[in-house]
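Below is one structure, written out as structure tokens; the observations come after it.
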Amino acid sequence: MPTVNLWATDGYISTPDGKSIYIWGFTDQEGGSARLPGPTIIVKQEAPITETVVTVNLTNNLKEPVSLLFPGQENVKANGQPVQPQYENDILVSLTNHALPGETITYTFTAASPGTFLYESGTNPFKQLQMGLYGAIIVRPCDYTPHDSQYKTAYGAGTDTEFNREYLLITGEIDPDFHQAVEYGQPYEAYKPRYWTINGRCAGDTMLPDNVPHLPNQPCSSMIMMEPGEKVLIRYAGAGVENHPLHPHGNHTRLVGLDGRLLRNQNGGGTTDLSYKRFTVLTGAGQTYDQIYTWTGLGYNPVTNPIPTTLPNLRNMAIGHLGWTMWSGSPYLGQKGELPPDVVSYNQAGEYHLMLHSHAEPEITNWGAFPGGMMTMIAVYPSGTLAPHQGMLPTEAY
Ligand SMILES: [Cu+2]
């Protein structure tokens, strides 16, 4: 039976424009700092599924009540009893049982469906979610077998959800004035986000690897790396309080699951496939979306011309500082060409970089400066050149 120990506490995160922002969040290390997002919980279902009971011990090191909601999970209990909304003097204070400062509360739930889920505070959520009290849960089907392609699926063998690599992208927003007011115990009524995060980071930090030393409380990369033709499972989880229209360049995604439920109907003796393709997925607050992305290349023809597009000039291929580029110098996948001597290329293997970002354009800034915010890249590497460990989440982690 998976058991997870979480502490609700505070800490600081960094933004690419050099700011340090006070947060609340969860950690799985006693005495550790808050992480953004909280530790990802990955569990595999057991047979029978009713046996898949997950225990989460939450210790509250903050100065106000904190709780955990487990949307999409079944039979949720707190200290052995079914969870209940909490009232004080007839006023709702928590959507579920909470831990008072210094207390520990034990939640259990049955992970009855595979898919992507959130865990998040159900106490004063407009404040506590913004402050960072959220994380994600991945539930794997009981037949999940990572080294067998037929059984490496999001929802079980035969559900047309096979994948080669997988990435989890958790969205959020930050109003730094709100965070500062909470840090100093000041009243604050407005809400104006200036930073938009994927996995707790703003672009360009989103593209840095996992566990870079200068972002100790934001350990998760959002960089998607893949090879042509691969099926990439992209799990979106909307952890903040706003909706975000996310889209990848290059190809549509195929949505196979919503809120941890497979998009497939049982009817009579058969099933109806309800998965669908989307250019942009409006990632709703509190919702999750499981999608399969395959890069095929628009009009790709290796004999005539692999790349039918007219290329922009080099100046328009720069990101960040002019003179820095992800461009390889060649339009052909896997090849590198000449670049002017004053240009620094971050292209390692002649790979393609396709943006994945919020289509609400103010959200791809850091306090007004473009590029930034809710943006990352999909890097398509030439076949056979990408390290096998990229995009491999563990079968279980708790
Ligand atoms: Cu776009």
Side-chain angles (χ1 to χ4, degrees), residues 16 165 167-173 193-199 201-208 221-228 230-240 242-256 276-285 287-300 306-322 324-328 331 333 346-347 351-381 391:
R165 302 179 201 263
Y167 295 90
L168 171 66
L169 305 185
I170 306 174
T171 61
E173 318 85 29
R194 306 282 189 171
Y195 297 100
W196 291 268
T197 57
I198 308 176
N199 294 344
R201 298 179 179 180
C202 306
D205 290 346
T206 49
M207 292 165 255
L208 296 173
S221 177
S222 310
M223 187 77 191
I224 293 176
M225 298 189 223
M226 61 181 294
E227 294 187 359
E230 286 185 334
K231 293 177 176 177
V232 177
L233 173 61
I234 305 178
R235 303 171 181 269
Y236 290 162
E242 291 192 335
N243 302 335
H244 303 286
L246 296 182
H247 93 120
H249 290 191
N251 283 77
H252 287 30
T253 60
R254 183 169 68 89
L255 276 102
V256 299
Y276 56 92
K277 287 194 169 176
R278 272 289 179 278
F279 169 68
T280 298
V281 173
L282 184 65
T283 304
Q287 296 206 279
T288 70
Y289 304 77
D290 296 329
Q291 309 149 77
I292 310 279
Y293 177 86
T294 300
W295 184 81
T296 54
L298 180 67
Y300 182 80
I307 302 301
T309 50
T310 305
L311 292 165
N313 66 39
L314 192 62
R315 183 185 168 90
N316 286 334
M317 294 174 188
I319 59 160
H321 278 277
L322 287 182
W324 293 3
T325 187
M326 309 306 287
W327 164 238
S328 70
L333 184 64
Y346 288 91
N347 192 296
E351 74 273 19
Y352 291 160
H353 291 85
L354 307 162
M355 198 191 279
L356 188 159
H357 67 106
S358 170
H359 235 271
E361 313 279 301
E363 299 183 353
I364 53 174
T365 61
N366 297 327
W367 206 312
F370 171 88
M374 197 167 276
M375 186 228 286
T376 186
M377 290 281 175
I378 299 173
V380 182
Y381 281 76

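Each ligand, and each atom within it, is numbered from 1 in the order the structure gives.
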Would you say the side chain of Arg254 lies within less than 4.5 Å of the side chain of Gln291, judging by non-hydrogen atoms? no
Please check: side-chain N/O of Glu230 versus main-chain N/O of Arg165, any donor-acceptor pairing under 3.5 Å? no
Does one side chain, of Tyr289 or Gln287, offer a donor that lies under 3.5 Å from an acceptor on the other? yes
Partner of Met375 under side chain to side chain contact (heavy atoms under 4.5 Å, CB included), picked from Ile364, Ile198, Leu246, is Ile364
Residues that Ser328 engages under side chain to side chain contact (heavy atoms under 4.5 Å, CB included), provided they are two or more places apart: Ser330, Lys336, Asn347
Would you list the protein N, O or S atoms within less than 2.8 Å of the Cu ion (ligand 1), leaving out water? His247 NE2, His249 NE2, His357 NE2
Please assess Leu356 against Leu169 for the test side-chain contact (heavy atoms from CB on, under 4.5 Å), listing each intermediate value before the final yes or no. CA-CA 11 Å; Leu356 188 159; Leu169 305 185; 4.1 Å; yes
